Amino acid sequence: MSSLRAWIEDRLGLRPVAAFLAKKEVPCHTHTFLYYTGSSVLLFLGIQIVTGVLLALYYQPTLAEANASVVRIITEMPLGWLVRSVHSWSATFMIAAVFVHLLGIAFTKAYRKPREATWLSGVLLLACSLAFGFTGYLLPWDELSLAATKVGTNLPKALPLVGTFLTQVLRAGEDVTGDTLSRFFIMHVSVLPLALLAILGLHVFLVQRHGMSVPLDAERDKLELPAIPFWPNFFFREAAVWLVLLGVLLTIAVFAAPGLGPQADLMAPAPEGIKPEWYFLFMFQTLKLFPARILGLNGELVAVLIMMAGMAAVLLVPFIDNRPFERKGKVVTALAWAGLAYAVGMSIWSLL
Amino acid sequence: MNGRRRVIAAAAIFVLGALVAAGLLEARVQAPAQASVKPAAAAPGQEKPAAVRPARERMAVYVVLAWVWLSIAVLLGFLRMRIREADRVHRMGLVRAAERSLKGPGL
């Protein structure tokens with residue numbers, strides 16, 4: 001055993017990493033629970049990769065076979081329905097965990113100097129996760145996913161100059177077709193995973209580089225907070241959280257497996273009750289509320305511009321709220337609460 | 001307090017065990033009747049429920065789920081013990097003391 005360890009150490013030189021982990025400490029305070037949200041994202045990402053690979057073994061991204069292959073997966077493959085259900089629910093859990101993680105960072109102001117780059121990479125990871133959800137939604141190729149993708153890919157069209165081009169790039173043509181399906185599949189299983197893993201690597205490196213943030217009060221008063229070693233004290237706690245989350249995920253996946261709509265028909269009119277995934281509902285409802293014309297401008301364009309401004313503000317929060325670390329950014333906190341209330345309210349309204 | 005915890009743990013294990021046993025019995029009873037069940041084809045325009053599968057497979061999954069929760073409960077108990085032990089060692093400063101003694105005096 002020791003010779004094997006020595007062999008690995010000679011080739012990989014992991015001793016500095018092991019030494020780093022042995023010395024790494026995790027501060028204990030009222031916000032410590034937020035540390036678990038980051039690792040939960042990693043858990044769900046791992047589940048996504050495993051179940052995604054299993055699904056990809058049987059899924060066929062063609063116009064004729066996409067829906068039929070999903071039907072085969074959920075009816076003929078042993079436990080295929082469960083693998084698909086776990087994949088679907090794990091995506092929901094992962095995006096929820098990313099949202100909670102990001103909101104926790106926003107409310108505790110952990111994005112301030114020197115963690116601006118960590119925040120930027122985190123927001124990019126959220127964007128990647130949402131893109132995963134958007135591209136994955138079309139893959140079952142049923143009526144609802146086709147209609148929702150048509151609405152989603154039509155959004156950039158409202159932008160002047162580049163709008164039509166962006167929509168064409170997304171759809172691989174003028175309209176949503178089999179080419180769009182192939183493009184979304186490639187994005188879902190190849191481009192987005194590579195981008196996500198690269199950004200995730202950077203994010204984890206930055207978290208280690210700058211250490212875990214502590215509450216503002218402790219930072220201001222330079223309090224020496226109690227800390228526990230990452231290994232094994234914190235790691236075992238994380239493992240317990242992972243086990244519970246895994247159990248909850250499996251239980252929900254068993255009892256609430258997602259169904260599959262009838263095969264999409266490119267010529268058929270859009271079905272009633274089109275709804276995107278829950279994390280896009282507030283945007284969907286916002287678009288529905290905007291009138292066709294606002295002060296002579298295209299209403300959809302105004303809505304898209306407002307949403308883009310909101311996204312840019314979220315991305316650039318560390319540079320907007322860049323005051324000394326000791327001062328609490330009450331305006332940013334109020335805006336974050338207002339944004340959260342708006343998103344939740346709009347989502348519920350959309351569901352009613 | 002410890003006695004109460006033991007009672008709760010025993011009750012939880014009993015409930016999960018009963019669930020597992022019931023699942024096994026039901027799976028055995030339903031196996032011959034459901035062996036040839038094929039998923040019904042959904043009518044055009046209708047959503048196919050993802051849970052269209054033989055009752056035997058369904059019961060097997062419920063049994064596995066019960067085992068999963070049982071395993072999680074056992075592992076959580078094990079982790080709890082390990083965490084307490086690790087915290088105790090940390091509080092006593094044994095790890096740091098061991099590191100210092102490895103480095104030798106004056107270092």
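This structure is a prediction, so every number in the text was calculated from the model and none was measured. All chains are named by letter (A, B, ...) in the order of the sequence lines, taking the proteins before the strands, and each is independently numbered beginning at 1.
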- Item | Validation row, ring centre A:Tyr35 to ring centre A:His29 under 6.0 Å | yes
- Message: Under a plain distance cut-off of 3.5 Å, with no hydrogens placed, do A:Asn67 and A:Asp142 share a side-chain donor-acceptor pair?
- Response: no
- Residue A:Leu79 versus chain B: region with a heavy atom under 4.5 Å: both
- Query: Among A:Gly80, A:Pro271, A:Gly247, A:Pro232, which residue forms the greatest number of heavy-atom pairs with chain B at distances under 4.5 Å?
  - Reply: A:Gly247
- Item | Full working for ring pair (Phe, Tyr, Trp, His ring centres under 6.0 Å) between A:Tyr59 and A:Phe185 | CA-CA 10 Å; A:Tyr59 177 75; A:Phe185 179 70; 5.5 Å; yes
- Pair A:Phe20 and A:Phe230, ring centroids less than 6.0 Å apart: no
- Measure distances from A:Ala268 to the heavy atoms of chain B and classify the residue's part below 4.5 Å as side chain, backbone, both or neither. neither
- Contacting region of A:Val241 [heavy-atom separation from chain B under 4.5 Å]: neither
- Mind checking whether A:Phe280 and A:Phe134 have parallel, tilted or perpendicular rings, split at 30° and 60°? perpendicular
- Checking heavy atoms, do the side chain of A:Val244, its backbone, both or neither come under 4.5 Å from chain B? both
- Message: Less than 4.5 Å to any heavy atom of chain B: does that hold for the side chain of A:Phe234, its backbone, both, or neither?
- Response: neither
